[in-house]
Amino acid sequence: MAKTNNIVHQYFKKQLEGFKLLVKVNPIHFKGTEIMVPESGEVEIRDLEFDAEIFDDLKADGFTECTALEFNLYASGLAK
């Protein structure tokens, strides 16, 4: 089994009316984090569990890949 600290996560984003969604996916254990960034208001972060079709689902829902830096700037509150 892969060690958690050796996993390269994958990151995705989607702009919706009034907010942005960013998703971090652990491609081994299919767990991750979603960040909802509203145009005004407080950022919401929640942990999620995915199934093996998560990458197909994200593509079908119009998500595009983004960088770890972008995701982590929002996660840390440094970007708005």
Side-chain angles (χ1 to χ4, degrees):
M1 187 160 129
K3 292 182 180 179
T4 304
N5 58 351
N6 291 332
I7 296 171
V8 177
H9 292 86
Q10 293 178 263
Y11 300 87
F12 301 88
K13 67 180 176 180
K14 181 177 180 178
Q15 183 68 47
L16 298 165
E17 188 174 326
F19 63 96
K20 179 185 287 191
L21 282 177
L22 296 108
V23 178
K24 174 174 78 172
V25 178
N26 173 325
I28 305 299
H29 302 291
F30 298 111
K31 294 183 179 186
T33 305
E34 176 188 79
I35 301 173
M36 186 173 81
V37 184
E39 290 177 356
S40 61
E42 196 168 315
V43 172
E44 293 181 35
I45 299 175
R46 63 185 183 136
D47 293 325
L48 302 171
E49 291 193 24
F50 307 112
D51 59 26
E53 287 78 38
I54 183 58
F55 299 108
D56 293 334
D57 294 343
L58 289 168
K59 184 177 181 179
D61 288 342
F63 280 81
T64 58
E65 290 188 44
C66 68
T67 65
L69 177 61
E70 181 176 7
F71 181 91
N72 286 305
L73 286 171
Y74 284 104
S76 66
L78 293 174
K80 299 209 182 225

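Because the structure is predicted, anything quoted here is derived from the model rather than measured.
The shortest distance between side-chain heavy atoms of Phe12 and Phe55 falls below 4.5 Å. Phe71 places none of its side-chain heavy atoms less than 4.5 Å from the side chain of His9.
Here the straight-line distance linking atom CD of Glu53 with atom NZ of Lys59 works out to 14.5 Å at 0.5 Å rounding. Rounding to the nearest 0.5 angstrom, the gap separating the NE2 atom in His29 from the CD atom in Glu49 is 11.5 Å. With values rounded to the nearest 0.5 angstrom, Lys14 atom NZ is found 8.5 Å from Phe19 atom CZ. With rounding to the nearest 0.5 Å, the separation of OH in Tyr11 from OG1 in Thr33 is 8.5 Å.
In this structure, Phe50 and Lys24 approach most closely via the heavy-atom pair CE1-O, 4.0 Å.
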Go through Leu21 and Glu34 one step at a time and tell me if the side-chain contact (heavy atoms from CB on, under 4.5 Å) criterion holds. CA-CA 7 Å; Leu21 282 177; Glu34 176 188 79; 3.9 Å; yes
One pair to check against side-chain contact (heavy atoms from CB on, under 4.5 Å): Val23 and Ile54. What are the steps and the verdict? CA-CA 11 Å; Val23 178; Ile54 183 58; 5.8 Å; no
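Side-chain heavy atoms closer than 4.5 Å link hydrophobic residues (I, L, V, M, F, W, Y) into clusters, and following such links, possibly through other members, connects Leu22 to Ile45. Grouping the Ile, Leu, Val, Met, Phe, Trp and Tyr side chains by contacts below 4.5 angstrom, directly or via other members, places Ile35 apart from Phe63. Taking hydrophobic clusters as Ile, Leu, Val, Met, Phe, Trp and Tyr residues chained together by side-chain heavy-atom distances below 4.5 Å, Val8 does not share a cluster with Leu69. Note on Ile7 and Val25: separate hydrophobic clusters, where clusters join Ile, Leu, Val, Met, Phe, Trp and Tyr whose side-chain heavy atoms are under 4.5 Å apart, directly or indirectly.
Atom NZ of Lys31 is surrounded by 12 or fewer heavy atoms from other residues, nucleotides or ligands within 6.0 Å.
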